[in-house]
Enquirer: 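Sending over a structure as structure tokens; questions will come in a sec.
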Amino acid sequence: SLGYAVVVLKGPSSVEDVRHDILRIAEVLGETERGRKVVKEMDRQLAEIDETLSKRTDREPVGLLVSQMTSWGGPGSIYDELARRARVKNGIAEAGLVNGQELTKEGVLKADPDFFLVSATKNGKPSKFQKEWFHDPSMQHMKGIHHIIALPNRYIYCASQNMPDAIKAIANAAYGPVFDKTQEKLIRGY
């Protein structure tokens with residue numbers, strides 16, 4: 001009613017969705033070429049990641065995301081694609097769940113992850129939720145209990161052109177310093 005253009009996009013659940021959204025937003029803003037540049041750079045980085053990780057011959061580790069959003073992160077979510085592209089088996093999928101189904105302690109035991117991913121807190125200490133989750137007696141015998149990796153939310157919940165950085169961060173969490181993250185910067189169309 002104010003004369004502003006309104007564009008409605010569904011929440012992306014794949015790299016292809018992110019590409020589509022970038023190009024659609026750029027088109028609406030009259031910045032089609034800038035949108036193409038963003039997608040081109042994102043795709044260049046994704047190809048570089050794929051090439052690097054395709055050379056690995058070791059077993060793909062199982063990583064399990066522990067989030068307060070207990071029904072998010074399974075197959076059908078953007079996180080699932082990030083994990084798969086990082087050459088990490090998504091523990092939520094290994095538990096037999098899809099996005100929208102709640103992760104239970106039984107599911108965690110079924111997945112038996114090699115490592116856990118959690119959201120990094122501002123003070124670097126585990127949140128109350130994380131403390132309660134990981135102090136559960138049923139978790140203490142799991143191999144991943146001693147390999148809990150905190151990543152900034154920008155990597156775990158990434159649904160933007162910066163997905164390559166999220167994939168690199170997840171791969172580094174699983175394998176060690178495979179990718180240099182010191183030169184990370186926002187992908188821009190200019």
Side-chain angles (χ1 to χ4, degrees), residues 1-56 60-61 63-69 71-93 98-100 115 117-122 149-190:
S1 66
L2 295 173
Y4 296 117
V6 176
V7 178
V8 178
L9 303 167
K10 72 179 185 82
S13 59
S14 68
V15 170
E16 189 53 43
D17 289 347
V18 171
R19 280 186 197 104
H20 171 271
D21 291 354
I22 292 167
L23 295 174
R24 179 69 181 121
I25 291 167
E27 177 187 337
V28 169
L29 295 173
E31 297 286 352
T32 304
E33 188 54 35
R34 286 175 71 180
R36 285 188 191 126
K37 285 181 181 179
V38 168
V39 169
K40 183 177 178 180
E41 176 59 18
M42 182 180 81
D43 286 343
R44 184 196 67 74
Q45 289 186 35
L46 290 171
E48 191 176 271
I49 291 166
D50 291 345
E51 180 182 344
T52 298
L53 293 177
S54 71
K55 295 174 184 171
R56 296 196 72 90
E60 288 185 24
L64 194 131
L65 173 64
V66 174
S67 171
Q68 286 184 279
M69 298 189 317
S71 61
W72 186 83
S77 71
I78 195 79
Y79 171 78
D80 184 62
E81 184 160 354
L82 296 173
R84 283 186 290 114
R85 291 190 79 130
R87 201 178 170 273
V88 170
K89 290 183 181 178
N90 183 349
I92 297 168
V98 296
N99 200 45
F115 67 96
L117 283 179
V118 297
S119 291
T121 58
K122 289 181 184 178
I149 300 166
L151 290 179
N153 284 336
R154 72 179 182 272
Y155 299 135
I156 296 173
Y157 304 106
C158 185
S160 73
Q161 73 272 19
N162 294 307
M163 292 173 68
D165 286 319
I167 294 165
K168 290 175 186 177
I170 294 169
N172 284 355
Y175 299 107
V178 176
F179 296 102
D180 178 8
K181 301 282 296 135
T182 60
Q183 302 300 314
E184 179 180 319
K185 58 185 173 187
L186 184 67
I187 297 175
R188 298 173 185 241
Y190 52 88

Enquirer: Does some side-chain heavy atom of Val7 sit less than 4.5 Å from a side-chain heavy atom of Arg24?
Expert: yes
Enquirer: Please lay out, stage by stage, how Val66 and Leu117 fare under the test side-chain contact (heavy atoms from CB on, under 4.5 Å).
Expert: CA-CA 6 Å; Val66 174; Leu117 283 179; over 6 Å; no
Enquirer: Using 0.5 Å steps for rounding, measure from the OG atom of Ser160 to the CG atom of Asp21.
Expert: 11.0 Å
Enquirer: Among all residues two or more places apart in sequence or in another chain, which pass the ring-ring contact (aromatic ring centres under 6.0 Å, His included) test with Phe115?
Expert: His147
Enquirer: Kindly give the heavy-atom pair with the smallest separation between Ile78 and Ser14, and that separation in Å.
Expert: CD1-N, 3.4 Å
Enquirer: Tell me, please, which residues at least two apart from Ser71 pass side-chain hydrogen bond (donor to acceptor under 3.5 Å, both in side chains).
Expert: none
Enquirer: Which residues pass the side chain to side chain contact (heavy atoms under 4.5 Å, CB included) test with Val6, not counting sequence neighbours?
Expert: Val8
Enquirer: What residues form a salt bridge (charged side-chain N to carboxylate O under 4.0 Å, His left out) with Arg19, not counting sequence neighbours?
Expert: Glu16, Asp43
Enquirer: Begin from the C-alpha positions of Lys10 and Asp17 and carry the test side-chain contact (heavy atoms from CB on, under 4.5 Å) through to its verdict.
Expert: CA-CA 9 Å; Lys10 72 179 185 82; Asp17 289 347; 3.0 Å; yes
Enquirer: Could you go through the side-chain contact (heavy atoms from CB on, under 4.5 Å) check for Leu9 and Ile25 one step at a time?
Expert: CA-CA 9 Å; Leu9 303 167; Ile25 291 167; 3.6 Å; yes
Enquirer: Got a sec, which residues hit side chain to side chain contact (heavy atoms under 4.5 Å, CB included) with Arg34, two or more places apart in sequence or on another chain?
Expert: Glu31, Tyr190
Enquirer: List in chain and number order the residues that pass side-chain hydrogen bond (donor to acceptor under 3.5 Å, both in side chains) with Gln45, two or more places apart in sequence or in another chain; answer none if no residue qualifies.
Expert: Glu41
Enquirer: Could you tabulate the donor-acceptor pairs under 3.5 Å formed by side-chain atoms of residues 162-171, not counting sequence neighbours?
Expert:
unit_1, atom_1, unit_2, atom_2, d
Asn162, OD1, Ile187, N, 3.0
Asp165, OD1, Lys181, NZ, 3.3

Enquirer: Would you please test Asp50 and Ser54 for side-chain hydrogen bond (donor to acceptor under 3.5 Å, both in side chains) and show each step?
Expert: CA-CA 6 Å; Asp50 291 345; Ser54 71; over 6 Å; no
Enquirer: Would a 4.5 Å heavy-atom cut-off, applied to side chains only, mark Ile156 and Leu82 as touching?
Expert: no
Enquirer: Identify the two heavy atoms, one from Ile92 and one from Asn90, that lie closest to each other, and give their separation to 0.1 Å.
Expert: N-OD1, 2.9 Å
Enquirer: Applying salt bridge (charged side-chain N to carboxylate O under 4.0 Å, His left out), name anything that partners Lys122, two or more places apart in sequence or on another chain.
Expert: none
Enquirer: For a quick test of reading the model, state the closest non-hydrogen atom pair linking Arg87 to Arg56 and the distance between them.
Expert: NH2-O, 3.6 Å
Enquirer: Side chain to side chain contact (heavy atoms under 4.5 Å, CB included) with Ala120: which residues, sequence neighbours excluded?
Expert: Ala150
Enquirer: Hey, are the side chains of Glu81 and Val15 touching, using non-hydrogen atoms and a 4.5 Å cut-off?
Expert: yes
Enquirer: Evaluate Ser67 against Tyr157 for side-chain contact (heavy atoms from CB on, under 4.5 Å), listing each step before the verdict.
Expert: CA-CA 10 Å; Ser67 171; Tyr157 304 106; 2.7 Å; yes
Enquirer: I'd like to check the ring-ring contact (aromatic ring centres under 6.0 Å, His included) partners of Tyr175; sequence neighbours left out, ordered by chain and number.
Expert: none
Enquirer: Can you list everything that forms a salt bridge (charged side-chain N to carboxylate O under 4.0 Å, His left out) with Arg36? Sequence neighbours excluded, please.
Expert: Glu33
Enquirer: Spell out, as yes or no, whether a donor-acceptor pair under 3.5 Å connects the side chain of Asn99 to the backbone of Gly73.
Expert: yes
Enquirer: Salt bridge (charged side-chain N to carboxylate O under 4.0 Å, His left out) with Lys55: which residues, sequence neighbours excluded?
Expert: Glu51
Enquirer: Testing the basics here: between Val18 and Gln161, what is the closest heavy-atom pair and its distance to 0.1 Å?
Expert: CG1-N, 4.0 Å
Enquirer: If you take all heavy atoms of Leu46 and Arg85, which pair is closest and at what distance?
Expert: CB-NH2, 3.7 Å
Enquirer: Under a 4.5 Å cut-off applied to non-hydrogen side-chain atoms, are Phe179 and Leu53 in contact?
Expert: yes
